[in-house]
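Since we're looking at a predicted model, the values are computed, not measured.
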Amino acid sequence: QVHLVESGGALVQAGGSLRLSCAASGRTFSTYTSYTMGWFRQAPGKEREFVATISWSGTTDYADSVKGRFTISRGNAKNTVYLQMNSLKPEDAAVYYCAAQTVRYYSSSYYRPQESYDCWGQGTQVTVSS
């Protein structure tokens, strides 16, 4: 069973920065194999939405709302992923979820849809004060 654990959520002032971390573990994950991993977020009263993804090959993609402010990266162990969030806005406040694909998709069309991810973390709260 695969287990994802997010950390790094906090209360921050608008304009500030945070770095979220996600560590994957379990029998399916090997520290020597990269998996496509992504970050999603859900604000109160809204549906969960795509934020960023880093594919198994290292390709990154971002939602337009965070492009230029957020950076997704992979740790050296390859079963960790980070989301560096700069210039935070009140509208960035949400529960942020880490997700992973244990199936390797070769088409980038699979990297944004939530349905393509079969492992999810419990979420970490990001609050941005204005």
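Using a 4.5 Å cut-off between side-chain heavy atoms of Ile, Leu, Val, Met, Phe, Trp and Tyr, with links allowed through other members, Y97 and L18 fall into different hydrophobic clusters.
Distance alone, capped at 3.5 Å, places no donor-acceptor pair between the Q84 side chain and the T71 backbone. The backbone N or O of Y62 sits less than 3.5 Å from a side-chain atom of R112, completing a donor-acceptor pair. Listed for the Q101 side chain is a donor-acceptor partner under 3.5 Å among the backbone atoms of Y110. Side-chain atoms of S21 never come within 3.5 Å of backbone atoms of Y82 as a donor-acceptor pair (strictly under, hydrogens ignored). Looking at R104, its side chain never comes within 3.5 Å of a backbone N or O of T36 through a donor-acceptor pair.
Among all heavy-atom pairs drawn from L4 and A24, the shortest one is CD2-CB, 3.3 Å. Contact detail for R74 and S55: the closest heavy-atom pair is NH2-O, 2.8 Å. Minimum interatomic distance between V81 and C98 (heavy atoms only, all atoms of both residues): CG1-SG, 4.0 Å. When all heavy atoms are compared, the tightest approach of S87 to R69 is O-NH1, 2.9 Å. Taking each heavy atom of G9 and T124 in turn, the nearest pair found is N-OG1, 3.1 Å. Nearest heavy atom pair, residue A93 against residue V128, reads CB-N, 3.9 Å.
In this view, F40 and F50, Y117, W120 satisfy the ring pair (Phe, Tyr, Trp, His ring centres under 6.0 Å) rule, not counting sequence neighbours. Residues passing the ring pair (Phe, Tyr, Trp, His ring centres under 6.0 Å) test with F70, sequence neighbours excluded: none.
Few gaps surround NZ on K67; more than 12 heavy atoms of other groups in view lie less than 6.0 Å from it.
Residues Y111 and D61 are not in side-chain contact: their nearest non-hydrogen atoms beyond the backbone lie 4.5 Å or more apart. Counting heavy atoms from C-beta on, the side chains of M85 and L20 come closer than 4.5 Å. Using a 4.5 Å cut-off on side-chain heavy atoms (C-beta onward), T59 and S108 make no contact.
Between atom SG of residue C22 and atom CD of residue E6 there is a gap of 5.5 Å, rounded to the nearest 0.5 Å. Interatomic distance, R41 CZ to Q125 CD, rounded to the nearest 0.5 Å: 12.0 Å. Note: S130 OG to E91 CD = 10.0 Å, rounded to the nearest 0.5 Å. Taking OH of Y35 as the reference point, atom CG of D118 lies at 10.5 Å (rounded to 0.5 Å).
For W56 and Y105, the distance between ring centers is not under 6.0 angstrom.
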